[in-house]
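In what follows, a single structure is set out as C-alpha cells and then discussed.
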Protein chains: 2
Amino acid sequence: MVKITDVARHAGVSPSTVSYVVSGKRPISEETRRRVEESIRLLGYRPHAGARALASSRSNVLALMVPLRAGIDVPVVMQFAVSVVTTARRYGHDVLLLTQEEGEVGLRRVVDTALVDALIVMDVQLNDPRLPLLRGLDRPSVMIGFPASSEGLTCIDLDFMAAGEACVEHLARLGHRVVALVGSPPEVYVRGTAFAQRMVQGFTAAADRGRLTSAVHPCEASPAAARAVAEQLLREQPALTGVVVHNEAILEPLIDAFEGLGLRVPGDLSVTAICPDELAESLRVPVTSIALPAAEVGARAVELLMKKLDGKAVSEATLLAPRMTERGSTARRAVA
Amino acid sequence: MVKITDVARHAGVSPSTVSYVVSGKRPISEETRRRVEESIRLLGYRPHAGARALASSRSNVLALMVPLRAGIDVPVVMQFAVSVVTTARRYGHDVLLLTQEEGEVGLRRVVDTALVDALIVMDVQLNDPRLPLLRGLDRPSVMIGFPASSEGLTCIDLDFMAAGEACVEHLARLGHRVVALVGSPPEVYVRGTAFAQRMVQGFTAAADRGRLTSAVHPCEASPAAARAVAEQLLREQPALTGVVVHNEAILEPLIDAFEGLGLRVPGDLSVTAICPDELAESLRVPVTSIALPAAEVGARAVELLMKKLDGKAVSEATLLAPRMTERGSTARRAVA
DNA sequence: GATTTATGTCGAAGCGCTTCGACAAGGTAT
DNA sequence: ATACCTTGTCGAAGCGCTTCGACATAAATC
C-alpha cells in the first residue's frame, strides 16, 4: 500500500503538504501542487479511508435507511436509493445501506461508531419512533417524507397535499362531480404514513371546496383487491366518473377491472394517478398523472445534507410542487 | 465521545485488556470480563469505526454492487440487497451500496481506500469487464451469477440450466410436445447475461433430449410486448401447449394475452415460470414455478464471504438446485 | 524602511484503536 | 526441585492521516 509519506518523499515535500494538496485547505504553490499531483498519479496513491476518518472525524459516508414494508412500492424505493448513491458520489461520499428493520438502534450504532457523517431516512410516519433520536443527534439528517411536526428536522418530499388537490381540480375542471380516491393498502394509513395521509387530505379538501361528492378507498396491492374495489365503487357510487389512484401496483389492474365492468377509460371514467412517469406512460391507456419525482427527491436530499455538513442552514421543509402530465386517461365528462 | 481509555480507567484495567474483552482474541478472566463489560454498558462505549479500521486493517464493511439496467427485475434486486444487509449484520458487518454504473473504477476505489473488506457483485455477464479486477484483488469477492469461466472466483446462483431443464421436463411429463420459452428482454441476451443464457441452454437441451418441438422468444418487459409475443407464438406454433416464462414483469400480462386469444390456462395451455414465489402465488391463475431464491442467494453469498475473510477456502461454484412448486397453471395435455 | 499581511511549507502531535512482546503467577510434567 | 506450558494482564508501538502552530519568504501598506 502506498501512503502519504511515500508520496511526500517522492515529491520532495512533507506529508502535510501532500495532505493540503489533496484537501485544498491551505494555499499551495502551483509548482508544488503539480509535482505532488504527479507523484500521486505515478504511485497510485489512495488515502486510507479509516485513517482519514480517524484524523478528520469525517468518514465521507452517508447512511440511507430504506423501507421494506408492505405497501411500499419497491421500484420507487430503488429509484431513491440509486439517486442518493449517485448524488452522494458527486460529493465524494459513499452510502451505507440500512434496513428499516434496524430502526433507531441501527441509526444510533452507525452514528456512535462514527461510521457515517449523516443520515437519510425514508418512509417517515407521522409519529415516527426515530424522530426523537434524529432530533437529538449531533449529526445532520434528512427525512424523505414528513412527520406530524417537522420542527428541528429537515424534510423533503413531493407535496402530496397539493398533488391530491391537483388531481381533484383537474377532474373538476373536466366537469366531473363524483370522484373517488383509490389509495394505498390499509396498513399504510394505519401506520400513519405521512404522504398517504396528506394525499387524502388534499383530495378531500379540494373535493369539499368544489362541492364534489367524494369517497376514499384504501386498496391492497393485488389485482384481486383492485377488482373488488372497482366493483364496490360502482355499487356505492353509481354516478362516479372520476378516479384518482395512489397505488402504483394496482393502477393497471384497476383500469382493467373498470373496463371489465363495461366502463371505457376515459369515455365513461376519467382516471388520474400519482406514480412514476414511466409507469403512467407504459400502460395500455397512458394515464394522466402526477410524477413521483423519486430521483429528484433523492438528489435534493443529498444536497441538503451536504449543505448541513458544511454548516450551512437549510429550511426545515422542502415541498416539491406537483407536476401533472395529461395523457389519454382523462376527458371531459360526457353529459348524459 | 467515550473511548477505550475511558472504559479502561473506569474498569481499572489497561486499554488493551478492554480491547481483548471486546474482540475475544485473548483469554480474559471471568471476573475482569464482567467488570469491563459493565463499564462498557455503563459508559455506553462504542468503538470508533475508523480507528478500528486503521489499527486492524478491517473495516467490517462489505461492498454490494447492484445493477440498475434495463431488463433486470427491480424487486428481485431489492430482495438480494435486503438479504445481504441482514445477513451481513448478523456477522457484524455493514454494507456499502455501489451502483453498477461505478463499474470497475468504483470497486477499485473502495478496495484501495480500504473502505471495504470484501465485495459482492450482482448481474454478472459471461464476459464481465469486472472479472480481471476481481481476480487480481487481494480481497475476497463473491459474484451472484456466473461468468463464462468462474476460475479463481467465487460464484453463487440458482442453477438456471437445471431450472430450464426442470421446466421442460415437467411439461414433458404432462404430455406436452410443443413448448416455448418466453425469456428476458433481448438486451439481456445481447449483453451475455449468464443466468438468462443458461436458462435457454437448459430449456433447449431438455427439449431436444425429449424430442419436443421448441422455440425461444426474448420479450420486452411491457404488456404490449407480451401480447405481441403471445400472438406470434400462436401464429408460428399453432400446436403449442406448454410455455415457460422467464421474465417476471410480463408473466401476468402474457397469461392475460393468451386468455384474450381464447386459450384457457391450464386447459389449453400449461404455463410455468421462474420467478419469486410471491409473484407466482399472487396471480389470478397461480403459476407453477421455480422459485428465484433471492433471499437465500444473498445470505449464502455473505456467508461465503465471511468464510473467505476467515481465511477458509470455499468452492468456486455454488449452484442452488431448482425447487419447483406446482400450482394451478400446468395440467396434463388434453388429447384431441 | 519598518511593519504588517498574505503566501507557502514544515514538523509534531494526536485521532482511537489493535496487537505484539513481555512478564507474572499458577499448574503440570519430569 | 527444575523446566516448561498456560492463563491473564500490561505497556508501548504504530496503523495512515489531518491539523495546528511555527516559520520563512514575499508582497503590500503607510
Side-chain angles (χ1 to χ4, degrees), chain A residues 1-37 39-40 43-61 92 109-117 138 309, chain B residues 1-37 39-40 43-61 92 109-117 138 309:
Chain A
M1 179 189 204
V2 29
K3 37 199 179 193
I4 201 170
T5 50
D6 300 330
V7 176
R9 196 172 329 112
H10 186 271
V13 298
S14 77
S16 50
T17 300
V18 177
S19 178
Y20 287 125
V21 166
V22 171
S23 72
K25 292 190 180 172
R26 283 211 181 164
I28 295 288
S29 72
E30 193 45 40
E31 213 245 300
T32 310
R33 149 169 293 111
R34 266 218 325 287
R35 255 206 346 276
V36 170
E37 277 165 354
S39 300
I40 289 179
L43 303 182
Y45 167 67
R46 300 289 209 137
H48 185 288
R52 190 180 263 235
L54 179 57
S56 68
S57 24
R58 281 296 191 98
S59 66
N60 292 321
V61 175
R109 182 176 57 83
V110 294
V111 165
D112 285 352
T113 58
L115 240 184
V116 306
D117 294 337
D138 56 333
L309 282 173
Chain B
M1 178 189 206
V2 30
K3 38 198 176 192
I4 201 168
T5 50
D6 300 329
V7 176
R9 197 172 327 111
H10 187 270
V13 298
S14 77
S16 50
T17 300
V18 176
S19 178
Y20 288 124
V21 166
V22 171
S23 72
K25 291 191 180 172
R26 283 211 182 166
I28 296 287
S29 72
E30 194 43 42
E31 214 245 299
T32 310
R33 150 169 293 112
R34 266 216 325 287
R35 255 207 344 277
V36 170
E37 277 166 353
S39 300
I40 290 179
L43 303 183
Y45 166 66
R46 299 291 209 135
H48 186 288
R52 191 181 262 236
L54 178 56
S56 67
S57 24
R58 281 296 191 96
S59 66
N60 292 320
V61 175
R109 181 176 59 82
V110 294
V111 165
D112 284 353
T113 59
L115 239 185
V116 306
D117 295 336
D138 57 333
L309 282 173

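The chains referred to below are lettered A, B, ... by the order of the sequence lines, with proteins before strands, and numbering in each begins at 1.
Rounded to the nearest 0.5 Å, atoms CG (A:Asn60) and CG (A:Leu309) are 9.0 Å apart. Distance check, rounded to the nearest 0.5 Å: CE of A:Met1 to CG of A:Leu43 gives 12.5 Å. Note that CD of A:Glu37 and OG1 of A:Thr32 are 10.5 Å apart. Values are rounded to the nearest 0.5 Å.
Between B:Leu54 and A:Ser14, it is A:Ser14 whose nearest contact on DNA chain C lies nearer the 5' terminus. Between B:Ser56 and B:Tyr20, the one whose closest nucleotide on DNA chain D sits nearer the 5' end is B:Tyr20.
Remark: B:Arg9 engages B:Asp6 in a salt bridge (charged side-chain N to carboxylate O under 4.0 Å, His left out) (not counting sequence neighbours).
Results of the salt bridge (charged side-chain N to carboxylate O under 4.0 Å, His left out) test with A:Glu31 over A:Arg35, A:Arg34, A:Arg33 single out A:Arg35 as the only residue that passes.
Under the 4.5 Å side-chain criterion, counting only non-hydrogen atoms from C-beta, B:Ile40 is in contact with B:Val22. Residues B:Leu115 and A:Val61 form a side-chain contact, since some pair of their non-hydrogen atoms from C-beta on lies under 4.5 Å apart.
Listed by residue number, B:Arg26, B:Pro27, B:Ile28, B:Ser29, B:Thr32 are the residues of residues 25-34 of chain B with a heavy-atom contact under 4.0 Å to DNA chain D.
With a cutoff of under 4.0 Å to any heavy atom of chain A, the contacted region of DNA chain D is bounded 5' to 3' by D:dG16 to D:dA22.
For the 3.5 Å distance criterion, the side chains of B:Thr17 and B:Ser14 qualify, holding a donor opposite an acceptor.
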